[in-house]
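Here is the structure we will look at.
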Number of protein chains: 2
Amino acid sequence: MRLVVARCSARYTGRLTAHLPLATRLLVVKADGSVLLHSDGGSYKPLNWMSPPCATAVRAPDAEAVERGVTEVWTVQHQKSDDRLEIELHEVAHDSAHDLGVDPGLIKDGVEAHLQELLAAQIELLGAGHTLVRREYMTAIGPVDILARDGAGGTVAVEIKRRGDIDGVEQLTRYLDLLNRDPLLTPVRGVFAAQEIKPQARVLATDRGIGCLVLDYDAMRGVDDVDSRLF
Amino acid sequence: MRLVVARCSARYTGRLTAHLPLATRLLVVKADGSVLLHSDGGSYKPLNWMSPPCATAVRAPDAEAVERGVTEVWTVQHQKSDDRLEIELHEVAHDSAHDLGVDPGLIKDGVEAHLQELLAAQIELLGAGHTLVRREYMTAIGPVDILARDGAGGTVAVEIKRRGDIDGVEQLTRYLDLLNRDPLLTPVRGVFAAQEIKPQARVLATDRGIGCLVLDYDAMRGVDDVDSRLF
DNA sequence: TCATCGATGTCGCGC
DNA sequence: GCGCGACGTCGATGA
């Protein structure tokens with residue numbers, strides 16, 4: 001990994017065309033050839049970048065560029081597309097290289113898949129007498145997270161989100177429309193389950209006769225641990 | 001901006017829980033307090049990060065941590081949420097600080113707005129006899145990209161996307177529902193126009209009687225250039 | 001390889 | 001500040 005702090009300007013052409021006026025920035029060149037151009041603020045997203053696979057060609061500036069104070073020109077070309085990042089370097093304040101080695105990567109806990117798994121295992125959270133039909137029930141427009149049956153034998157389609165937004169309600173609505181066309185399933189009831197359900201989503205769901213279920217991840221995981229210990 | 005290259009492990013708790021095993025990484029501390037933790041590969045997204053506003057507290061490791069080789073512990077706490085990033089530093093290979101100043105930011109040349117502009121100028125792409133009513137036709141739930149009239153005098157609402165996804169069809173459906181309540185406009189036909197239309201989106205659109213139009217950006221721009229030269 | 005979908009999405013605009 | 005749509009979205013997963 002090479003770290004360069006320099007005054008520079010940049011120009012990107014590819015899926016769009018954009019440019020960066022002259023300013024001091026951090027340039028990171030990773031081992032895989034990818035390049036990041038960071039300012040001293042904002043979020044984790046660089047101002048400009050090139051994803052791997054790509055290659056950087058360094059050349060001396062032409063006379064006109066020298067006149068403007070350019071000391072070096074980097075052309076970062078993507079290997080599989082015509083995306084290109086051209087960087088003109090002026091004064092270089094820092095330049096160092098480091099061997100980082102391979103990274104074991106991030107390990108995550110508690111995503112939507114886990115919520116689905118937990119709810120499938122604790123399907124009675126939908127109400128007493130509920131039984132699991134299957135997870136990822138496939139339809140023509142995508143998989144329903146959980147399909148269940150209630151105590152009375154009615155079908156229940158469950159959409160699970162970490163954060164219950166209006167989009168999730170729309171998604172579940174589409175599934176319900178489709179499922180209710182199937183004479184073997186109809187009537188299908190909908191349940192929108194999430195760790196947190198936004199007020200607008202709750203209003204929309206309620207208006208459409210869709211039930212809302214707030215999932216307590218920690219509690220569900222706790223129960224799951226207890227279950228695990230039983231076997 | 002502070003740049004640190006060090007062997008470190010990290011733990012993030014917040015919207016999810018995750019951890020990074022011990023490895024050598026780049027830590028970037030920006031002027032606004034945000035922290036990025038980069039490996040020497042992958043994309044521009046850091047392995048872990050904390051967005052501003054946040055503050056970092058540095059403390060000495062406890063005896064147990066010293067035993068494990070930890071030399072310093074950083075606790076990066078978000079100011080407005082309970083998101084927290086805890087980093088244990090081991091050997092530090094590099095540590096430097098740089099004053100970058102304020103960045104003027106990226107200047108983009110749009111593609112999205114351009115598509116709308118081009119289709120408005122080439123409205124006959126909707127079919128012979130079509131005329132433009134107006135772009136960005138305002139409704140209570142947002143602007144319809146293009147409102148047009150077909151050869152028979154019927155109203156046509158057009159939703160334009162670069163990538164035609166199922167969400168875009170939903171959006172257009174909402175507009176059509178609303179527009180069709182207006183007795184002066186109804187019946188309003190829908191056209192979903194995009195550079196690329198996903199199969200599921202096409203199925204949904206067709207099912208709802210919405211037409212699909214694939215836009216050839218380069219061809220449209222070419223025509224536009226020719227038009228430009230004529231005037 | 002291609003398509004779909006989630007994301008600690010982030011970013012920017014309008015209300 | 002919130003809601004909503006776009007993104008050079010990226011990245012994982014299943015067909």
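As a basis for the values below, the full set of heavy atoms in this structure was taken, side chains included, without hydrogen atoms, waters or symmetry mates. Every chain is numbered from 1, with letters handed out A, B, ... down the list of sequences.
Comparing dG9(C), dG6(C), dC10(D) by their nearest atom to the side chain of Glu159(A) picks out dG6(C). Listed nucleotides: dT10(C), dG1(D), dG8(D). Nearest to the side chain of Arg15(B): dT10(C). Of the candidates dG8(D), dC10(D), dC11(C), the closest approach to any side-chain atom of Tyr44(B) belongs to dC10(D).
Ion pairing between Arg174(B) and Glu159(B) fails under the 4.0 Å rule for side-chain N and carboxylate O. A salt bridge links Arg59(B) to Glu86(B): one of the charged nitrogens lies within less than 4.0 Å of a carboxylate oxygen. Salt bridge status for Glu88(B) with Arg11(B): absent, with no side-chain N to carboxylate O gap under 4.0 Å. Ion pairing between Arg2(A) and Asp99(A) fails under the 4.0 Å rule for side-chain N and carboxylate O.
Side-chain contact check for Tyr12(A) and Asp83(A): at least one donor-acceptor pair (N or O, by modelled atom type) lies under 3.5 Å.
Among all heavy-atom pairs drawn from Asp145(A) and Ile160(A), the shortest one is OD2-N, 2.7 Å.
With rounding to whole Å, Leu16(A) atom CG is found 9 Å from dC7(D) atom C1'. If you measure from atom NZ of Lys80(B) to atom C1' of dT8(C), you get 17 Å, rounded to the nearest angstrom. To the nearest angstrom, P of dA6(D) lies 8 Å from CG of Asp145(B).
OP1 or OP2 of dG6(C) sits under 4.0 Å from a side-chain N or O of Lys161(A). Residue Trp49(B) places none of its side-chain N or O atoms closer than 4.0 Å to OP1 or OP2 of dG9(C). Within the structure, every side-chain polar atom (N or O) of Lys45(A) is placed at least 4.0 Å from both OP1 and OP2 of dG9(C). Dashed line: the shortest gap from a side-chain N or O of Arg11(B) to OP1 or OP2 of dT8(C) is not under 4.0 Å.
Taking a 6.0 Å sphere around CZ of Arg135(B), one finds it holds more than 12 heavy atoms contributed by other residues, nucleotides or ligands.
Pairing analysis of DNA chain C (Watson-Crick: purine N1 to pyrimidine N3 plus N6-O4 or O6-N4; G-U wobble: N1-O2 and O6-N3; both under 3.5 Å) yields stems of 3 or more pairs at C:1-7 with D:9-15, C:9-15 with D:1-7.
One finds the CG atom of Leu179(B) at 6.0 Å from the CG atom of Leu185(B) (value rounded to the nearest 0.5 Å).
With a 4.5 Å cut-off on side-chain heavy atoms, Val133(B) and Thr155(B) do not count as touching.
Between Asp83(B) and Gly42(A), the residue anchored closer to the 5' end of DNA chain C is Asp83(B), taking for each the nucleotide with the nearest heavy atom. Map Leu47(B) and Ser43(A) each onto its nearest nucleotide of DNA chain C; the residue landing nearer the 5' end is Leu47(B).
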All N/O pairs under 3.5 Å across the protein-nucleotides 13-15 of chain D interface:
none

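Base engagement by Leu106(A) is indicated by at least one non-hydrogen atom pair under 4.0 Å involving a base atom.
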